[in-house]
Amino acid sequence: QQELLKHIGLEHMKKASFQFGWSQGKEIAQSVMDNTNLGIISQLLEGTDIHQSLGQAKVTMEIKQIEMEEDEIISILFSGKWQGSYEVDDYLQSNMRSRETVCNTLCGFASGYTSTIIGKKVFFKEHACEARGDAACQWEGRLLEHWNKKEYEVFFEENDGELKQTQKAYEKIEEER
């Protein structure tokens, strides 16, 4: 994250990290849907186990509320915490403390996974972060339509030129490693 921040700035870094996580979550959700006989609720809850098994963070789900009408999810509220986030570890290794939450890839993963499973956009937002000195990374996920646009617009705004610039910077960083 520090390299992305240096090359492309905070807003682009947040978006690139979120979109990277989204694509990971989406790909894994598609695999779960194709390779299991689980129902939609079980598929959703499987995401927590998968997320944790990837070593990205220890995941604790504190609230699981899903409202359905017939076979359609009309409301979703998940909240919980991440501890030992690899994004926090990366940030703290630079001996810095952040003013903002830093687990954008984790939020993107959860958003992409859940959105793919239910077929509607879901947004996960981090409210507290160990990189800021908070005890744990606290997060919440809801249908995108149930968030204020200001909460998510930096992660979803469409601008192909900007996205291509961010992708090129990310690829350059990966090549340098």
Side-chain angles (χ1 to χ4, degrees), residues 1-5 8 10-36 38 40-66 73 76-92 98 100-132 134 136-144 146-147 151-158 163 166-167 170-171 173-174:
Q1 284 189 347
Q2 294 304 309
E3 288 297 314
L4 274 176
L5 186 58
I8 63 175
L10 181 62
E11 295 304 309
H12 293 307
M13 189 261 326
K14 289 167 69 170
K15 182 177 181 177
S17 297
F18 183 88
Q19 292 296 328
F20 177 72
W22 178 285
S23 65
Q24 284 184 316
K26 178 180 178 179
E27 184 177 315
I28 290 172
Q30 288 169 331
S31 178
V32 167
M33 292 166 52
D34 292 344
N35 298 310
T36 67
L38 299 174
I40 193 168
I41 304 299
S42 295
Q43 288 176 354
L44 285 170
L45 298 177
E46 182 79 8
T48 301
D49 294 336
I50 293 168
H51 204 172
Q52 188 165 296
S53 72
L54 294 172
Q56 296 178 339
K58 180 179 186 257
V59 182
T60 304
M61 179 107 62
E62 297 169 340
I63 297 175
K64 305 171 206 161
Q65 296 176 355
I66 301 168
I73 292 178
I76 192 168
L77 172 61
F78 290 158
S79 75
K81 62 184 174 184
W82 293 307
Q83 291 179 296
S85 158
Y86 80 95
E87 291 181 279
V88 168
D89 291 346
D90 183 49
Y91 199 87
L92 293 178
S98 178
E100 299 197 28
T101 60
V102 301
C103 298
N104 299 302
T105 305
L106 296 178
C107 288
F109 180 96
S111 299
Y113 181 91
T114 306
S115 297
T116 301
I117 296 290
I118 70 169
K120 292 182 174 183
K121 274 196 173 175
V122 176
F123 178 62
F124 279 71
K125 177 183 171 108
E126 187 178 25
H127 297 292
C129 186
E130 291 174 326
R132 290 192 320 198
D134 298 319
C137 299
Q138 298 280 339
W139 49 265
E140 177 180 348
R142 294 186 256 147
L143 291 175
L144 188 66
H146 294 161
W147 287 97
E151 300 283 342
Y152 64 80
E153 66 186 348
V154 68
F155 301 102
F156 287 106
E157 65 189 25
E158 301 292 329
L163 185 57
T166 301
Q167 287 171 331
Y170 190 79
E171 289 167 7
I173 292 166
E174 288 299 311

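Using modelled atom types, no side-chain atom of Q56 and backbone atom of Y86 make a donor-acceptor pair closer than 3.5 Å. Judged by distance alone, the side chain of S115 and the main-chain N or O of G112 form no donor-acceptor pair under 3.5 Å.
Here CD of Q83 is found 8.5 Å from CD of Q138. Values are rounded to the nearest 0.5 Å. To the nearest 0.5 angstrom, I73 atom CD1 is 5.0 Å from I41 atom CD1. Remark: I50 CD1 to L45 CG distance equals 11.0 Å, nearest 0.5 Å. How far CZ of F155 is from OG of S111: 8.5 Å, rounded to the nearest 0.5 Å. How far OG of S79 is from NZ of K64: 10.5 Å, rounded to the nearest 0.5 Å. Rounding to the nearest 0.5 Å gives a distance of 5.0 Å between CZ of F78 and CG of L44.
Applying ring-ring contact (aromatic ring centres under 6.0 Å, His included) to W82 and the options F124, F109, W139 leaves one that passes, W139. Just one residue in the list E153, E100, E151 forms a salt bridge (charged side-chain N to carboxylate O under 4.0 Å, His left out) with K125, and that residue is E151.
Taking the six-membered ring for Trp and the full ring otherwise, the centers of F18 and F156 sit less than 6.0 Å from each other. In this structure, the ring of Y113 has its center no less than 6.0 angstrom from the ring center of H51. Here the two rings, on F123 and W147, have centers that are under 6.0 Å apart.
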Test side-chain contact (heavy atoms from CB on, under 4.5 Å) applied to I63 and E140, step by step: CA-CA 9 Å; I63 297 175; E140 177 180 348; over 6 Å; no
side-chain contact (heavy atoms from CB on, under 4.5 Å) evaluation trace for M33 with I117: CA-CA 7 Å; M33 292 166 52; I117 296 290; 3.5 Å; yes
side-chain contact (heavy atoms from CB on, under 4.5 Å) assessment of C137 paired with T101: CA-CA 8 Å; C137 299; T101 60; over 6 Å; no
Test side-chain contact (heavy atoms from CB on, under 4.5 Å) applied to L77 and H146, step by step: CA-CA 10 Å; L77 172 61; H146 294 161; over 6 Å; no
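Here the closest non-hydrogen pair linking N104 and S17 is CB-CB, 3.8 Å. Taking every heavy atom of both residues into account, V122 and W22 meet most closely at O-CZ3, 3.8 Å. Contact record, A136 with K81: CB-CD, 3.9 Å, taken as the closest heavy-atom pair. Across E87 and V102, no two heavy atoms sit closer than the pair OE2-O, 3.4 Å. Closest approach of L143 and I76 over heavy atoms only: N-CG2, 3.5 Å. Heavy atoms only, all atoms of each residue included: L38 and E46 are closest at CD1-OE1, 4.2 Å.
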